[in-house]
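Worksheet: one structure, shown below.
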Protein chains: 2
Amino acid sequence: MDDHGQVKGGDETRERVLLAAQKLFAERGFESVSLRNITTEALANVAAVNYHFGSKDGLIDEVIGHHMIPVMKERMRLLDEAENKYRIGLVPVEVILDAFMRPFLTVIQDGGEGRDLFCRFMGRCMSERGDRMPDEVMRSAQRVMKRITVMLSDVLPDVESEVLVWRLHFCFGAMAHTLIHEAGLKVLSKGQSGDPDFETTLQRMIDYCKGGLSAGGSVLTDRSGGQGEFLF
Amino acid sequence: MDDHGQVKGGDETRERVLLAAQKLFAERGFESVSLRNITTEALANVAAVNYHFGSKDGLIDEVIGHHMIPVMKERMRLLDEAENKYRIGLVPVEVILDAFMRPFLTVIQDGGEGRDLFCRFMGRCMSERGDRMPDEVMRSAQRVMKRITVMLSDVLPDVESEVLVWRLHFCFGAMAHTLIHEAGLKVLSKGQSGDPDFETTLQRMIDYCKGGLSAGGSVLTDRSGGQGEFLF
DNA sequence: GGTTGTTTGAATCACTTGTTTGATGCGGTT
DNA sequence: AACCGCATCAAACAAGTGATTCAAACAACC
């Protein structure tokens, strides 16, 4: 599963286009990147996109699925791991959040720039493509979210379920925004000794989201269901 | 100030274009809306945009400034009010957050759909135009952010300053994401008795952000300055 | 009246968008 | 050899992009 050593020599072009698309989408968003931008970056012909992916939307779906599905699987795996470890009691909030966010760092094996682009791409997916994702991604995202919502409402019984859904939504916003603009932020908060690395940022985000999720809020309006229905 | 009864009869077109642009930008983002989309919606000619605003970017700047500057002023006013009220002690976190977020609801006098669009537009500004805003907006935003950062670090002395900057950034993300997708969210969390109104959502966001800002985090790496340098 | 400066409108500019075409080269099979 | 399926390419497609032109309409002033 290492993406080299094709059988029929041919479609390495496909991979180059996929990679270039991911990079440009991450940097400038889905709408702002043209097929010519992509194929130029990939040293390929414009027609290659429509040949391999049918359309620009087909390409977008492919790129999203290619990166999103492993993330969802890894989330599920980490949630399994957590529930195994804490079989006796409840899984702590920070562990659930970690299972949700860490895959951004671990699914991509490349460190440095590759991971940077990957994170920004994930942020773009969440904020620009939260709806209209490919079906398979939609389904697995649905499963993950349902599970996380249940686990969270177990450890946070004092938080009303509708409030919890909103707070989870706030977490998404914080995440998406950070993933997209982290590179820019790191430049701004230039400590002399070094920028915070991914692990530090992840930890800060988990701390923040944990605090927000379990805040001693007071707003109780009407109660209703609706858990695990939004996905990104 | 009611948008009718112009002096020189002429530039009501300008206002119509401005309004249509705001609406479409709010709904679909800055990049995805063309001048023709706007002028069609505004029942105006394409040339009107370049005549009144010089270019598409000029129009975008105008729309942003037109809505953003009053928000900044109102934020400043509310911060003044808060510092007057709490002259003896420190201004509580939730009051600072309220001063930051409430202008989204109060600056626009129209309730209902107008406010809805206004909020989404603000979200777009934060997430798609955080950089490259018009100069005047940039400056007043800088002042607001510097002030809020100082006030927050006063009430939250236990939170290291660099951590605080990151947490404030997380708050922005949560806000921006919510402003853009609130309409969609309200549909999802459909309680039988009624959707949460703006005031409820605002309160939930403040609760969440307060919890996140004042979380008992533990990550302390290197310390450095950099407060009040990012703006949206 | 005539002249001014401002605002509209249809037409057009050069350019980019996503998509399609038809020709070309290639390796593998019969 | 001829044939096939597949991948690539330059070229063109129609539609849409932001921007510009120039004539007409307009109000206001001398």
Side-chain angles (χ1 to χ4, degrees), chain A residues 3-66 124 128-129 132-134, chain B residues 3-66 124 128-129 132-134:
Chain A
D3 282 355
H4 62 275
Q6 302 294 337
V7 178
K8 35 177 165 170
D11 54 12
E12 72 194 22
T13 304
R14 198 188 135 95
E15 305 298 323
R16 283 205 317 277
V17 171
L18 229 37
L19 198 65
Q22 180 226 347
K23 174 183 172 184
L24 294 180
F25 287 155
E27 288 173 343
R28 302 171 12 206
F30 292 98
E31 308 277 355
S32 317
V33 178
S34 75
L35 292 188
R36 267 135 185 125
N37 294 149
I38 296 172
T39 51
T40 300
E41 170 89 20
L43 299 176
N45 192 282
V46 210
V49 171
N50 287 278
Y51 176 75
H52 285 288
F53 308 100
S55 67
K56 186 186 182 182
D57 269 304
L59 169 62
I60 293 179
D61 279 0
E62 186 85 12
V63 183
I64 292 180
H66 184 67
R124 299 279 184 196
E128 299 174 17
R129 283 271 164 166
R132 60 195 163 126
M133 289 233 180
Chain B
D3 281 353
H4 61 275
Q6 300 296 337
V7 177
K8 35 179 170 171
D11 55 11
E12 72 196 19
T13 304
R14 196 187 138 98
E15 304 299 322
R16 283 205 316 277
V17 171
L18 229 35
L19 197 65
Q22 180 225 349
K23 174 182 173 185
L24 295 180
F25 287 154
E27 288 173 344
R28 306 177 0 214
F30 294 97
E31 307 277 356
S32 317
V33 177
S34 74
L35 292 188
R36 262 107 182 156
N37 295 149
I38 296 172
T39 51
T40 300
E41 171 90 19
L43 301 176
N45 192 281
V46 212
V49 172
N50 287 279
Y51 174 75
H52 285 287
F53 308 100
S55 67
K56 187 186 182 182
D57 269 304
L59 169 62
I60 293 179
D61 279 0
E62 186 85 10
V63 183
I64 292 180
H66 183 68
R124 299 279 183 198
E128 298 175 17
R129 283 269 163 166
R132 61 196 162 126
M133 289 233 179

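Letters A, B, ... mirror the listed sequences (proteins, then strands); counts begin at 1. Here the structure is a predicted model, which is why all the values come from computation and not from measurement.
- The side chain of T13(B) places no N or O atom within less than 4.0 Å of a non-bridging phosphate oxygen (OP1 or OP2) of dT7(C).
- Annotation: proximity of residues 23-32 of chain B to DNA chain C (heavy atom, distance under 4.0 Å) is found for no residue.
- Residues satisfying the side-chain hydrogen bond (donor to acceptor under 3.5 Å, both in side chains) criterion with R28(B), sequence neighbours excluded, are N37(B).
- For F53(B), the ring-ring contact (aromatic ring centres under 6.0 Å, His included) criterion is met by no residue, not counting sequence neighbours.
- For P134(A) against G65(A), the heavy-atom pair with the smallest separation is CG-N, 4.3 Å.
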Taking only nitrogen or oxygen atoms into account, show me every contact under 3.5 Å that the protein makes with nucleotides 22-24 of chain D, one pair per line with its distance.
none

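- Listed by residue number, the members of residues 35-45 of chain B with any heavy atom below 4.0 angstrom from DNA chain C are R36(B), N45(B).
- Using a cut-off of 4.0 Å between Lys/Arg side-chain N and Asp/Glu carboxylate O, K56(A) and E31(A) are scored as not salt-bridged.
- Listed by chain and number, the residues in a side-chain hydrogen bond (donor to acceptor under 3.5 Å, both in side chains) with N45(A) amount to none (sequence neighbours excluded).
- Applying a 4.0 Å cut-off to non-hydrogen atoms, the residues of residues 46-58 of chain B that approach DNA chain C are A47(B), Y51(B), H52(B), listed by residue number.
- Summary of helix geometry: the two end axes of the helix from dG1(C)-dC30(D) to dT30(C)-dA1(D), each defined by five base pairs via their C1' atoms, are inclined to each other by 30° (rounded to 10°).
- Here L24(A) contributes atom CG and L35(A) contributes atom CG; the two are 11.0 Å apart, rounded to the nearest 0.5 Å.
- With rounding to the nearest 0.5 Å, the separation of CG in L18(B) from NE2 in H52(B) is 10.0 Å.
- A close approach under 4.0 Å does occur between a side-chain nitrogen or oxygen of S34(A) and OP1 or OP2 of dT17(C).
- Contact record, R129(A) with R132(A): NH2-NH1, 3.5 Å, taken as the closest heavy-atom pair.
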Original post:
When every nucleotide of nucleotides 23-28 of chain C is labelled 5' to 3' by its protein contacts under 4.0 Å (heavy atoms), B for base, S for sugar-phosphate only, - for none, what sequence of letters results?
Top reply: ------
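- Using a 4.5 Å cut-off on side-chain heavy atoms (C-beta onward), I60(B) and F25(B) make contact.
- Every residue meeting the side-chain hydrogen bond (donor to acceptor under 3.5 Å, both in side chains) condition with R124(A), not counting sequence neighbours, appears here in chain and number order: E128(A).
- Remark: side-chain polar atoms of R16(A) are paired, donor with acceptor, to backbone N or O of L43(A) under 3.5 angstrom.
- With sequence neighbours excluded, the residues that form a side-chain hydrogen bond (donor to acceptor under 3.5 Å, both in side chains) with E41(B) are K23(B).
- Closest heavy-atom contact between T13(B) and A44(B): CG2-CB, 3.8 Å.
- Note that CG of L59(B) is 9.5 Å distant from CZ of F30(B), once rounded to the nearest 0.5 Å.
- Every residue two or more places apart in sequence or in another chain that forms a side-chain contact (heavy atoms from CB on, under 4.5 Å) with A26(B) is listed here: L117(B), R120(B), F121(B).
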